[in-house]
Amino acid sequence: MKSLRDSFANFALPLCAAALVCVLAAFGCGAVYPEIKTPVRPAPAGKELSPPPPADVLYLAFEGATIPSTTRDGRRWDAVGGAAPDPFAKLFLGEEEIVRTPVQSNTLTPTWPDGVKSNYRVPKGSVLRVELWDKNPINNHPICVWDIKHPHREAQQGSLDILCDSGAKVRLAIAPAKAKIGVGFYYELRTQDVYVSRVVAESPAARAGVKPGDRIMAIQGKDVRKMEEGEPKSLINTNSQVGLHLTLKHDDGSVVDVTLKDGPMYPLHSEEIPVE
């Protein structure tokens, strides 16, 4: 015969499990839905784009440096592993580091081929600071520190050669933002609905007022909830170049119709769309 304790356990365990399900349901378990990016393609070379790059977004990348064979006081750069330095470069916007190259070992002429090349928002009046360093096991040694006081003016030249007091030279690509072509939003396919998950800040979608959290109610006039599997993605991809008609429901409950067409977008580094 089962003991009273066993009988209680057999009754209590299912009850606890049911209670746990109720608690999880009450607080919600965030479902993970696949995020899909609308098509993106390169901008046509040499063609004037409309709209042009925003005035406060610049393309920035380290292109390379030339470093003297010795320090200013005549010492070798590196006591171990070779006489040449192990250089890397950093770029600051105010006090915020926005770019850092990989370390390129034992060279006087680093090019950092795997360095980041991207667009960054640089407000008018900002100062950029370039720093060139030699990586060492104990303490990194500075080779050059230089302030770019008028970055937007320098950007009109496309690149900047910085001549350092140490005799080193740093070459920085600095130009108006580089473009991609697309409509510029991401979306999630949920059970019956499609939701905008992200919007590229400088894109046709953003300029048309599309916002993260918008529910896409209709595409090309067709109710999303009546579509077959894969149909929303197919309609978006097919019509983005000729005219993508969306009916959107904003978070505040308002419903709007927008028409998007592939055009220039200027993605920022944080938006994870490579411009090169």
Side-chain angles (χ1 to χ4, degrees), residues 30-61 116-121 175-276:
V32 177
Y33 299 98
E35 185 181 60
I36 301 173
K37 179 172 67 176
T38 51
V40 175
R41 65 182 195 275
K47 183 178 179 181
E48 186 174 344
L49 300 176
S50 180
D56 65 342
V57 179
L58 300 180
Y59 171 80
L60 300 167
V116 176
K117 303 174 175 67
S118 196
N119 296 328
Y120 299 84
R121 197 173 297 281
K178 293 197 174 184
K180 288 288 192 178
I181 300 297
V183 291
F185 71 90
Y186 298 71
Y187 57 98
E188 293 176 350
L189 300 175
R190 301 187 183 178
T191 306
Q192 284 187 302
D193 297 314
V194 179
Y195 279 83
V196 176
S197 54
R198 285 190 283 165
V199 178
V200 177
E202 302 291 345
S203 70
R207 292 189 283 271
V210 180
K211 297 177 175 59
D214 285 351
R215 178 161 76 89
I216 302 177
M217 301 176 66
I219 305 171
Q220 305 304 107
K222 185 172 182 179
D223 187 340
V224 166
R225 291 187 172 179
K226 295 180 180 179
M227 291 183 183
E228 298 179 359
E229 184 177 356
E231 193 174 357
K233 181 178 178 180
S234 177
L235 285 173
I236 289 172
N237 290 356
T238 302
N239 293 284
S240 63
Q241 294 190 41
V242 295
L244 176 61
H245 307 296
L246 302 176
T247 300
L248 303 173
K249 186 174 184 179
H250 293 320
D251 282 342
D252 63 5
S254 60
V255 176
V256 298
D257 291 311
V258 299
T259 299
L260 306 178
K261 189 174 180 181
D262 280 356
M265 58 183 193
Y266 304 93
L268 303 174
H269 175 65
S270 59
E271 292 172 320
E272 300 177 342
I273 298 176
V275 296
E276 287 203 349

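Values reported hereafter were calculated over all heavy atoms of this structure, with side chains retained and with hydrogens, waters and symmetry mates removed.
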message = Are there over 12 heavy-atom neighbours, none belonging to Glu276, within less than 6.0 Å of that residue's CD?
response = yes

request  = Kindly give the heavy-atom pair with the smallest separation between Pro264 and Pro204, and that separation in Å.
outcome  = O-CD, 3.6 Å

request  = May I have the step-by-step check of side chain to side chain contact (heavy atoms under 4.5 Å, CB included) for Lys211 and Asp251, ending in yes or no?
outcome  = CA-CA 9 Å; Lys211 297 177 175 59; Asp251 282 342; over 6 Å; no

task = Give, for atom CD of Glu188 and atom CD1 of Ile36, the distance between the pair rounded to the nearest 0.5 Å.
result = 9.5 Å

request  = Mind listing the closest non-hydrogen atom pair of Ser118 and Val275 along with its distance?
outcome  = CA-CG2, 3.9 Å

ask   = Does some side-chain heavy atom of Lys180 sit less than 4.5 Å from a side-chain heavy atom of Val200?
value = no

query = Atom NZ in Lys261, atom CD in Gln241: separation rounded to 0.5 Å?
reply = 9.5 Å

ask   = Are any of the side-chain heavy atoms of Asn119 and Glu202 separated by less than 4.5 Å?
value = no

task = Mind checking the CD-NZ spacing from Glu271 to Lys37? Nearest 0.5 Å is all I need.
result = 11.5 Å

note = Taking every heavy atom of Leu235 against every heavy atom of Asn239, the minimum-distance pair comes out as O-ND2, 2.8 Å

ask   = If we only count heavy atoms from C-beta on, is the Lys117 to Leu60 side-chain gap below 4.5 Å?
value = no

ask   = Under a 4.5 Å cut-off applied to non-hydrogen side-chain atoms, are Tyr187 and Ile236 in contact?
value = yes

query = Could you state the interatomic distance from CE (Met265) to CD1 (Ile181), rounded to the nearest 0.5 Å?
reply = 8.0 Å

inquiry  = Quick one, Ile216 and Leu248 - any side-chain contact, counting heavy atoms below 4.5 Å?
reply    = yes

key: Beyond-backbone contact of Val224 with Met217, side-chain heavy atoms, under 4.5 angstrom   = no

